[in-house]
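One structure below.
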There are 2 protein chains.
Amino acid sequence: MNQKRRGRRAAGEDTRAALIAAAREVFVEKGYDGATVRAIATKAGVDAAMVNHWFGGKEGLFAQSVLQLPFDPAEILKRVLDGPVEEAGERIVRTFVTVWDATGGGTFAALIRSVTSQPEVANALKSFLINAIFKNVLAEFGVEQRELRATLCATQMVGLGIVRYVVHFEPLASVDIDTLVKVIAPNLQRYLTGDLD
Amino acid sequence: MNQKRRGRRAAGEDTRAALIAAAREVFVEKGYDGATVRAIATKAGVDAAMVNHWFGGKEGLFAQSVLQLPFDPAEILKRVLDGPVEEAGERIVRTFVTVWDATGGGTFAALIRSVTSQPEVANALKSFLINAIFKNVLAEFGVEQRELRATLCATQMVGLGIVRYVVHFEPLASVDIDTLVKVIAPNLQRYLTGDLD
DNA sequence: GCCATAGTTCAACAGATGTTGAATTTATGC
DNA sequence: GCATAAATTCAACATCTGTTGAACTATGGC
């Protein structure tokens, strides 16, 4: 009963967009390997062959859905830089957790779930966290040892993401944002501007 | 030409042990889904059917190889508790990184690579990090908010593991242990005994 | 030395997966 | 309006997956 009529549809049904939306959901939940083209197509309400038609294959769809971040690095950077240096840790934790929480942690979980099988995902994560955010922040603050500090910041934020969104260790997984900022920000602040020796 | 003669082999060839060793390597590198029974069997130099014969299937082999930690939680806990409270952070970072480095990061990477598809791995990680180590340490130190502190410690250590062993962000991925201890231990110490408010 | 048994390989299966080409239907350009 | 092109579904393929049962062979108890 679910069989659809063949041939071109009426205008207005944007199959491409539907696939991207569905792909985001499924990739987030299952990771690259676990997600199947058929599952994505079914969720989008179209045939699996559409993935090849519009994106050239599974990899193309992945690149166009998950790797295209749904938030703007420049916007995040602006938010993080807007305020006194000594409160940058707070702003970073609050900004990231707010953004990540908004998608139920899915955005973050998708990255981690796929980091294993897709090397490009590790690069995307690096481009975003290290290059687009932390290095710029540190350059703005004029501190030394920026490379090391940037990766240290990454350990804290990535670890926070894993514990909160992937493995769900309580109470951290459910604690409210204000508490999270209060307990974690000082540690991040040390990585940003504190004494490392 | 590679075809082996059928039937029972001469004594001394421990197929079971060979499979476990090979499984550890392959699961570490590919994660649970990415690792195939055939690849593991080939690496062990035996037929894929041996996996079912000895372990009842892929899951059984996974449980007997990766989930059987190659280090003893009690031993680690003892090392961590042996010394002044205010240096516990240092001992934790040093102990963990030493153990993880010893396997080239493979032990840790295996857990993370499999955390996505195997819920039991998340539980194993929680049992080990939170229950076996951090909660005991915190109980010994007699601080408050142990559950929250334990998960905070987990964010730092898991994040460190990911950045050093999975995504390999430099310079942190290659920095020596002493430096790592120096820069990270103070943050861990705050999560253990510091003021969270 | 005989023989049941445990260890091993082999061939094959059933299911799933990404992809492809043909068939079919609608939209668009002229 | 008509012809071409675009969009879509469908059926099928080749490949890979974990698993199974049968066939074969060395071991070890007697």
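Residue numbering restarts at 1 for every chain, and letters A, B, ... go by the order of the sequence lines. Computation of the quantities below employed the complete heavy-atom set of this structure, encompassing side-chain atoms and omitting hydrogens, waters and symmetry-equivalent molecules.
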Within this structure, what is the CG-to-P distance between B/D47 and C/dC10, rounded to whole angstrom? 6 Å
So, does A/T15 get its side chain near the phosphate of D/dA7, meaning an N or O under 4.0 Å from OP1 or OP2? no
By the 4.0 Å heavy-atom rule, please label B/A41 as base, sugar-phosphate, or nothing. nothing
Below 3.5 Å, can you tabulate the donor-acceptor pairs from side chains in residues 158-175 of chain B to any protein atom, sequence neighbours excluded?
residue, atom, partner, partner atom, Å
B/R164, NE, B/D101, OD1, 3.2
B/R164, NH1, B/L172, O, 3.0
B/R164, NH1, B/V175, O, 3.0
B/R164, NH2, B/D101, OD2, 2.9
B/R164, NH2, B/V175, O, 3.2
B/Y165, OH, B/D101, OD1, 2.5
B/H168, ND1, B/R164, O, 3.3
B/H168, NE2, B/Y165, O, 3.2
B/E170, OE1, B/S174, N, 3.3
B/E170, OE1, B/S174, OG, 2.7
B/E170, OE2, B/S174, OG, 2.6

I need the CG-P distance between B/D14 and D/dT27, as an integer number of Å. 15 Å
A/H53 NE2 - D/dA5 P separation (whole Å): 14 Å
Separation of B/L19 atom CG from C/dT9 atom P, in whole Å? 10 Å
At 4.0 Å (heavy atoms only), tell me whether A/A39 reaches a base, stays on the sugar-phosphate, or touches nothing. nothing
Mind checking side chain to side chain donor-acceptor pair (under 3.5 Å) for A/D82 and listing every partner two or more places apart, or none if nothing turns up? none
Taking for A/V37 and for B/A48 the nucleotide of DNA chain C with the nearest heavy atom, the one nearer the 5' end belongs to B/A48
Could you pick out which residue, B/R38 or A/M50, lies toward the 5' side of DNA chain D when each is mapped onto its nearest nucleotide? A/M50
Parallel, tilted or perpendicular: which one describes the rings of A/F27 and A/F62, with boundaries at 30° and 60°? perpendicular
Expressed as a whole number of angstroms, how long is the span from B/K58:NZ to D/dT20:P? 15 Å
Could you state the CZ-P distance from B/R16 to C/dG7, rounded to the nearest angstrom? 11 Å
Between D/dC10 atom C1' and A/N52 atom CG, what is the distance in whole Å? 14 Å
I want to check one thing: is the phosphate of C/dA6, taken as OP1 and OP2, less than 4.0 Å away from some side-chain N or O of B/W54? no
Output yes when A/E90 and A/K182 qualify as a salt bridge under the 4.0 Å nitrogen-oxygen rule, no when they do not. no
Could you give the CG-to-P distance, from B/L61 to D/dT19, as a whole number of Å? 10 Å
Considering only heavy atoms from C-beta outward, does the side chain of B/Q189 approach that of B/E87 to under 4.5 Å? no
